[in-house]
Student: 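Structure in structure tokens, see below.
The structure presented is a predicted model; accordingly, all values stated were derived computationally and were not measured. Sequence lines set the chain letters: A, B, ... in the order given, protein chains first and strands last, and positions in each chain run from 1.
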Protein chains: 2
Amino acid sequence: MATIKDIAKKAGVSVTTVSRALNGYDDVNEDTRKKIKQVALELSYSPNAVARSLVSKKTRTIGLIISDINRAGAKDAFAYEVLCGINDRAGDLNYDLLLFSTNPSKQMEKSYTALCKERNVEGAILSGLRLDDPYLQEVIEQNSFPCVLIDIPKTGENVAHVTSDSRVGAAMAVRHLLENGHRHIAMINGHNQAFVSRERFEGYKEALEQYGISANEELAYDGKFSEDGGAEAMYQILIRNPDVTAVFCASDLMALGAMRTLERMGRKVPDDVSIIGFDDISISAYCSPKLTTIRQDKYELGYQAAQLLIDMLENRTDNRKLLLNNQLIVRESTQRLQE
Amino acid sequence: MATIKDIAKKAGVSVTTVSRALNGYDDVNEDTRKKIKQVALELSYSPNAVARSLVSKKTRTIGLIISDINRAGAKDAFAYEVLCGINDRAGDLNYDLLLFSTNPSKQMEKSYTALCKERNVEGAILSGLRLDDPYLQEVIEQNSFPCVLIDIPKTGENVAHVTSDSRVGAAMAVRHLLENGHRHIAMINGHNQAFVSRERFEGYKEALEQYGISANEELAYDGKFSEDGGAEAMYQILIRNPDVTAVFCASDLMALGAMRTLERMGRKVPDDVSIIGFDDISISAYCSPKLTTIRQDKYELGYQAAQLLIDMLENRTDNRKLLLNNQLIVRESTQRLQE
DNA sequence: GTTAATTTCCGAAACGTTTCGGATTTTTAT
DNA sequence: ATAAAAATCCGAAACGTTTCGGAAATTAAC
């Protein structure tokens, strides 16, 4: 591996000059610069980023802590799409991504903060974390490097967040059901340690109250954000609230589970029960019946997170919060209540 | 940021001793070690991985060049599942992943080799590359760091590859159709710059010939590995080869496209035409009719790639090639030929 | 022709570790 | 008590860059 020294020797100049020549400083004669570049080429030199960042303190690297990068996440490719967005924007702005192996199985011995500090990332994006994550608080308080949280509403000097408007989205979903004549509307929510679950429940209540219906806590079931959880929740609904004619699910995956249960129990969607989901995962457009849902732009979530983080890094912004809009996608799983 | 020097000063020892104490060398008294650890804690010291790797030449980082991490890849989450596998195994073995921003839009100015060398990754995993990728050859020839290729059959001193047995898989698929009485079987293949396309075509031919049918090149259409490509190819098949009763698609995504066309043209799957795909993406189990396909274990692909690379890094293996098995999943899109 | 300004270069320190080789102290063996 | 062995520590160099402050050489100004 050729180093800057080798070049200096061969070109007959000092390492300083080589460094400055290669980095485009203007206090080096164009002829010497040309020569140096020539030599660099001959030795097929490539700069050592490690050495460089040791002195410059810059790594042009963003740490990624995405806790739900796992096999199960393949169905809703949520983490994936977020990652794509981050990857694209970071790539454009010339940052590389360091994916930390947050191993959820073996108890992690190092905090996210420690990971990021050690590796000298300039900032981090965290996604998929539960509100009760033991290390989350530390990241926010330590405040030692800029970071942006996805779907966790904390802000601070050094921490920003981006999320889509779950409350409004949920209200939109429920209003869609209400407008179609439904009055007995259950909800299958995600686990309570997700900010979005809480928001979506608020949106659910809000819409109902707009129609003069007081939301009944008992109609909100926990589907754990999983397909099986959704299936189980739907089963409970059928047993305990047989008069329900429509269900709002806080994720498409749970909606898929709910539809599975309904099919098994001989109920037709949407004839007997209308189902609306949240996310718009790719399966939703292919399953049968096709799922009505609230589309969340997950790619944009990642894209904006990267943009925001880098803006913070290069302090171009004071903005610490970004709220994206969602969109109602009407397909086949909901219809006007038949009397 | 506390450094090793700060600890040395505060603890009244040399930096050498601090380093050796913290790294568990046994030539340091247990009492001093305890004291040093105590001081380190007080200063909330965390080692600087950059400095460390500058001297040790080790970064415990694997470079990832996955060219198809993009929005479009969300449907078949191929890249995603591979990534999960890599992430899990690398995490277990304590390597971090550096995701290079291979920006396909703007012409990349740096080769993969340059990227990897600069950032001092210890090895790399490349996936989703086309055989005609301009930088692929360089990676293989330069041979400057260990790397494993996914779905590209090159090997060398420093380069290994892992892939699933596309040829056998394809033959399995086509044999399934043959066994169900089909004799006029078309194929919708991916683009020709993918190794797997070539292999799957070979498998297709092989199976046909086993049944005494000579494969007709004209029955193999190019679906470009995309849904729209598959749809278009199916359209061509209907026009040019109306007697075809079954189609083998080299990816589920193309199969989905083919089914879309068939539906639009009023043909029933599988009554009029049987369709079999390849991959087993998640949509395949939900679409209607559910897709018969050849399951590829994408997660395992990534998992084994990481394992193999790290084995190479820590030279525990001479193995440079890994072939995974596929599996026929019979669902609803194929059936016995009706006469 | 002298001085000032500009251009072009360089030495040395710094970044935070690891590690080699040896030095010092303590323990053990005789 | 002395020599040998073991335990514990440390100084200094090294990794490959960047950058500060200034030196030397060239050009411009008068």
Student: Taking N and O atoms by type only, does the side chain of B:Asp27 place a donor or acceptor under 3.5 Å from a partner on the base of D:dC9?
Tutor: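 Yes.
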Student: In residues 49-58 of chain B, which residues come under 4.0 Å of DNA chain D by heavy atom?
Tutor: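 When residues 49-58 of chain B is checked for heavy atoms under 4.0 Å from DNA chain D, the hits, listed by number, are B:Leu54, B:Val55, B:Lys57.
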Student: So how far off straight is the helix from C:dG1-D:dC30 to C:dT30-D:dA1, going by the axes through five pairs at either end, to 10°?
Tutor: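 Computed from the C1' atoms at both ends, the axes differ by 40°.
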Student: Does B:Thr59 reach the main-chain N or O of B:Asn120 with its side chain, forming a donor-acceptor pair under 3.5 Å?
Tutor: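 Yes: the side chain of B:Thr59 pairs with the backbone of B:Asn120.
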Student: I'd like to know if the side chain of A:Glu118 and the backbone of B:Pro47 have a donor-acceptor N/O pair within less than 3.5 Å.
Tutor: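 Not at all, since once roles are kept as given, no pair shorter than 3.5 Å links the two residues.
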Student: Where the side chain of B:Asn29 is defined as all heavy atoms beyond and including C-beta, which of D:dC10, D:dT8, C:dC10 is the nearest nucleotide?
Tutor: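 Of all the options, the side chain of B:Asn29 is nearest to D:dT8.
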Student: When you get a sec, tell me which of D:dC15, D:dT19, C:dG16 is the closest nucleotide to the side chain of B:Thr3?
Tutor: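 Nearest to the side chain of B:Thr3 among the choices is C:dG16.
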Student: Under 3.5 Å, is there an N or O donor on one side and an acceptor on the other linking the side chain of B:Thr32 and the base of D:dT8?
Tutor: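 No such pair is found, so the answer is no.
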Student: How many whole angstroms separate atom CZ of A:Arg33 from atom C1' of C:dT7?
Tutor: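 Taking atom C1' of C:dT7 as the reference, CZ of A:Arg33 is at 13 Å.
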Student: Of the nucleotides D:dT17, C:dC10, C:dT17, which one has an atom closest to the side chain of A:Arg20?
Tutor: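 Nearest nucleotide to the side chain: C:dC10.
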Student: Look at the side chain of A:Ser14 and the base of C:dG11, then say whether one donor and one acceptor between them are separated by less than 3.5 Å.
Tutor: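 Side chain to base: no pair below 3.5 Å.
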Student: Of the listed nucleotides (D:dC9, C:dC15, D:dT19), which one gets closest to any side-chain atom of A:Tyr25?
Tutor: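 When the side chain of A:Tyr25 is considered, D:dT19 is the closest of D:dC9, C:dC15, D:dT19.
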Student: Hey, are A:Arg89 and A:Asp92 close enough for a salt bridge, meaning a charged N less than 4.0 Å from a carboxylate O?
Tutor: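 Salt bridge present between A:Arg89 and A:Asp92.
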